[in-house]
Amino acid sequence: MENKTVYSLIISIVNRGYSDEVMDAAREAGAKGGTIMYAHGAGLKDTESFFGISIHPEKELVLILASNETRPTIMQAIVKRVGMESEGSGITFSLPVTNVEGIARLTNPEESKD
C-alpha cells in the first residue's frame, strides 16, 4: 500500500475567544469542520511582548483536517481574518498527514464508496 500524503492538519493558535472566527473563515474557504482545544501558553516571562504585540497566555487551538487541495485557501482565509495583525494574534501552520482512518474522504465523496 502506497503511503501518499493527501491531507494536511491545519493548526491555528489564537487568543482565547477567537476560535469561532477561525472556524468561520475556514468554513467559508472550504473546511468541513474542526476541533477546538483550550490551552495555556507557557514561556519566559520576558516574552510577554513579542515584536510589540502583547502575548496572552490563554489560547485556543483549532485543528482542521483538510485536503492538500484546499489547505492553501483555508490557511490564507484564517490568516487574513485572525492573523498576527488582528486582536486574535493567531499563527497558523500545517503538518502533512500520511494516514487517516475513521472518516469519509474529504476530497471526493464518491471515493469513499469503495
[Y] reachable from [X] in the ILVMFWY side-chain graph, under 4.5 Å edges:
{"X": "Leu63", "Y": "Val6", "result": "yes"}
{"X": "Ile11", "Y": "Tyr38", "result": "no"}
{"X": "Leu95", "Y": "Met75", "result": "no"}
{"X": "Val97", "Y": "Leu61", "result": "yes"}

Atom pair [atom1]/[atom2] of [X] and [Y] - distance to nearest 0.5 Å:
{"X": "Ile74", "Y": "Ser94", "atom1": "CD1", "atom2": "OG", "answer": "10.5 Å"}
{"X": "Ser89", "Y": "Met84", "atom1": "OG", "atom2": "CE", "answer": "5.5 Å"}
{"X": "Ile78", "Y": "Asp24", "atom1": "CD1", "atom2": "CG", "answer": "11.0 Å"}

Using atom types as modelled and distance alone, determine if a side-chain donor or acceptor of Ser8 lies under 3.5 Å from a backbone N or O of Ile10.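 No; judged by distance alone, with no hydrogens or angles, the pair does not exist.
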Within the side chain of Glu60, is there an N or O that forms a donor-acceptor pair under 3.5 Å with the backbone of Met37?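 Not confirmed, Glu60 side chain does not pair with Met37 backbone.
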Could you walk me through whether Glu58 and His40 pass the side chain to side chain contact (heavy atoms under 4.5 Å, CB included) test, one step at a time? CA-CA 5 Å; Glu58 300 302 317; His40 183 84; 2.6 Å; yes
Heavy-atom side-chain contact between [X] and [Y] under 4.5 Å:
{"X": "Val14", "Y": "Lys59", "result": "no"}
{"X": "Met23", "Y": "Ile64", "result": "yes"}
{"X": "Ile13", "Y": "Phe93", "result": "yes"}

Where do Leu65 and Tyr7 come nearest, in terms of heavy atoms and distance?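 Scanning both residues, the minimum pair turns out to be CD1-CB, 3.8 Å.
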Exactly one of Asn15, Thr92, Val22, Val62 should register a side chain to side chain contact (heavy atoms under 4.5 Å, CB included) with Val82. Which one does?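 Of all the options given, the one that passes is Val22.
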Stepwise side chain to side chain donor-acceptor pair (under 3.5 Å) check, Thr73 with Thr70: CA-CA 6 Å; Thr73 305; Thr70 60; over 6 Å; no
